[in-house]
Amino acid sequence: MKEIIEVELKTRKVDFSKCETELLAVGQFSDAKGLDKVSGELNSKLDGAIERLIKLGDFKGKEGTNAIVYGNGKIGAKRVLLVGLGERKKATLDTIRKAAANAANKAVAMEIEAISLALHKVFGGRFDMSAMGRAMGEGTYFGSYRYDEFVTESEDGRLSSLGVEVIDSDSAKTKKLNKGVTRGAVIGRAQSYARTLTNRPANVMNPVKLAAAAKELARGYERLSCTVFDEKQLAAKGMGGVLAVGSGSQNKPRFIVLKYSPASKAASRLPTVGLVGKAITFDSGGISIKPAANMEQMKLDKTGGIAVLGVMKAVAELGLPVNVYGIIPAAENLPSGTSYRPGDIITTFSGKTVEVQNTDAEGRMILCDGLHYAVKQNCEFIIDIATLTGSCRIALGTYMAGLMGNDERLIKQLRRAAEDSGEKVWPMPSGDEYAEEMKSKMADLKNTGSKWGGACTAAAFLRQFVGDTKWAHLDIAGMEVFEKATEFSAEGSSGFGVRLLATYLMNLSGK
Ligand code: BES
Ligand code: MN
Ligand code: ZN
């Protein structure tokens, strides 16, 4: 199998016009009056070529667009890439992240092996230097990512690695940028890792393989450990939800637990966060089978679980001062003679019983065991992440994840992390009205509600398993995939949730 494109990131102090590079990326706002200092300097050495391009209207600075001006020997760069940033007042850190992604995406498309970024310059002191460095680091990973492990033909000289340097002419600024770039590289790498595992199809990535990947990840970091429960241990523990969903497939379910313990001696006084991610390696719907159209997309139903893996990788590399459990119930939802059925009553890990009305509402059936496990580990905060409901995608589209929970502070912190990471969320309810719909006459709960508000009733179901623990739920259905390539990303898995949750944990630990 082919390795994915490797990104090598660094920072360098160098004069912008002297920087010798294949491609130098600079930012341009759509409502800028003229050129900023850096572009102005390049422009005059290029005998006004940037100005001419803009005057002709060939580049308007719109977000997601770019234009190339070729060097003339008077500047160090062979090419200057103008990257559109949109309106100045609307710009956020995510604008810088996307601009870096746009430049890296372009470099891969043009098979350019080394690029230099000065995208932060037009922002002046608007954002913290290190935060801008981090955004550029994350963005370059995001934009250069391609998934072609299984493409054996048409290698077409595809880049094996992309060298990226963030440059500034001031050494103090370069130093600050570097601090962020280093962190951005950690998070970017973790997100690309998650995208690759998620993009792997269900014949390659099943619960057993996912557990092996988690074990391998943990082997790489001293402070990370991994325990996996197989189907016999699941039965012994009474994890009836995971077992039921996994019962239809030859690929047996697994319950994966990663634990990150910080080096700090004060570890026992630091908060413990439980991350619970849904990992359905393929969701056919089971006996309540889905329609054939687009069913292949359901290999991405493991996105939440793999996002948790990616976050654990980032946390271990960053050495954050916080205790974290990564809890990943994994199963394949297939119809067969051994499948669980509509009408079945399942005793979950918590002891609560659930009447199955629809085997396609399987996510909540495995998450409830994961949530109860997190409660039993005495997690102070629990956050679950799952491609849980088609309803959420209908409600919010593909721009924001649904955010539910039982603690306003935790919800606020996640909204803040969404702003910082560019992975957006929108608050949705999951209170008593919705919980009422999930009551069963035959059991404690049933696994579907009425026709309406499916994202909210699903969350209300999950809420029953966390007791008084502070909890939040991210319904990321709709966020897991780019159906088509964009200016910022290749098609396929988005790795959504890695940046969001890693940022939440960084903020929580004050790093
Ligand atoms: N994995 C799906 C939800 C999903 C749908 C994710 C589309 C991404 C894109 C989930 O397991 C599911 O099938 N949910 C059902 C629940 C229903 C049966 C109550 C749904 O949303 O239709
Ligand atoms: Mn389903
Ligand atoms: Zn599912």
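Values in this document were obtained by computation on a predicted structure and should not be read as measured data. One-based numbering, in listed order, for ligands and for the atoms of each.
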Practice item. For E362, take its heavy atoms, then give the atoms of ligand 1 lying under 4.0 Å from any of them. Key: 11 (O)

Check your understanding: Do E436 and K439 sit within salt-bridge range, that is, some charged N less than 4.0 Å from a carboxylate O?
Key -> yes

Exercise for review: Please determine which of D384, D407, I411 meets the side chain to side chain contact (heavy atoms under 4.5 Å, CB included) test together with W471.
Suggested key: D384

Practice item. Decide yes or no for R134 and I187: does some side-chain heavy atom of the first lie under 4.5 Å from some side-chain heavy atom of the second? Key: yes

Review point. At the Mn ion (ligand 2), what's the angle from D360 O to E362 OE1, rounded to 10 degrees?
Key: 70°

Practice item. For D344, check side-chain contact (heavy atoms from CB on, under 4.5 Å) against everything at least two apart and list the hits. Key: Y340, R341, I346, V356

Check your understanding: To the nearest 0.1 Å, how far is atom 16 (C) of ligand 1 from its closest protein heavy atom, and which atom is that?
Key -> R364 NH2, 3.9 Å

Review point. Which ligand 1 atoms are under 4.0 Å away from a heavy-atom of E480?
Key: 8 (C), 9 (C)

Exercise for review: Return the name of the atom in D283, of element N, O or S, nearest to the Mn ion (ligand 2).
Suggested key: OD2

Review point. F255 vs F229 aromatic rings, parallel, tilted or perpendicular, using cut-offs 30° and 60°?
Key: parallel

Point to revise | Residue portion contacting ligand 1 (non-hydrogen atoms closer than 4.0 Å) for Q297 | key: neither

Practice item. Tell me which protein heavy atom sits closest to atom 18 (C) of ligand 1, plus the residue, atom name and distance to 0.1 Å. Key: N358 ND2, 3.4 Å

Practice item. Examine distances only and state if a side-chain atom of T457 and a backbone atom of G454 form a donor-acceptor pair shorter than 3.5 Å. Key: yes

Review point. Tell me: protein heavy atom nearest atom 21 (O) of ligand 1, and distance?
Key: G390 N, 2.6 Å

Exercise for review: May I ask you to identify the nearest protein heavy atom to atom 2 (C) of ligand 1, giving residue, atom name and distance to one decimal place in Å?
Suggested key: D283 OD2, 3.6 Å

Exercise for review: Provide the closest heavy-atom pair for R364 versus L388 in the form atom of the first, atom of the second, distance.
Suggested key: N-CD1, 3.7 Å

**Study point:** Nearest-contact summary for atom 14 (N) of ligand 1 - protein heavy atom, Å
**Key:** L388 O, 3.4 Å

**Study point:** Under-2.8 Å protein N/O/S neighbours of the Zn ion (ligand 3), ordered by chain then residue number
**Key:** K278 NZ, D283 OD2, D301 OD2, E362 OE2

Review point. Does the pair D360/K290 count as a salt bridge with the N-to-O cut at 4.0 Å?
Key: yes

Review point. Which of parallel (below 30°), tilted (30 to 60°) and perpendicular (above 60°) describes Y145 and Y147?
Key: parallel

Point to revise | F349 and H372 aromatic ring geometry - parallel, tilted or perpendicular at 30°/60° bounds | key: perpendicular

Review point. Considering only heavy atoms of T448, which atoms of ligand 1 have at least one such atom less than 4.0 Å away?
Key: 19 (C)

Check your understanding: Numbering the atoms of ligand 1 from 1, which are under 4.0 Å from a heavy atom of A477?
Key -> 6 (C), 8 (C)

Check your understanding: Do E408 and K412 meet the salt-bridge criterion of a basic N to acidic O distance under 4.0 Å?
Key -> no

Check your understanding: What protein heavy atom sits nearest atom 1 (N) of ligand 1, and how far off is it?
Key -> D301 OD1, 2.9 Å

Check your understanding: Do N251 and E332 have side-chain N/O donor and acceptor atoms under 3.5 Å apart?
Key -> yes

Exercise for review: State which residue, out of V242, T359, V354, N333, fulfils the side chain to side chain contact (heavy atoms under 4.5 Å, CB included) condition with M365.
Suggested key: V354

Check your understanding: For atom 17 (C) of ligand 1, what's the nearest protein heavy atom and its distance?
Key -> A361 CB, 4.4 Å

Check your understanding: Which heavy atom of the protein is the closest neighbour of atom 12 (C) of ligand 1, given with residue, atom name and distance?
Key -> D360 O, 3.2 Å

Practice item. Indicate yes or no: does D230 engage K252 in a salt bridge with an N to O separation below 4.0 Å. Key: no

**Study point:** Under-4.0 Å heavy-atom contact with ligand 1, by part of K278 that carries it
**Key:** side chain

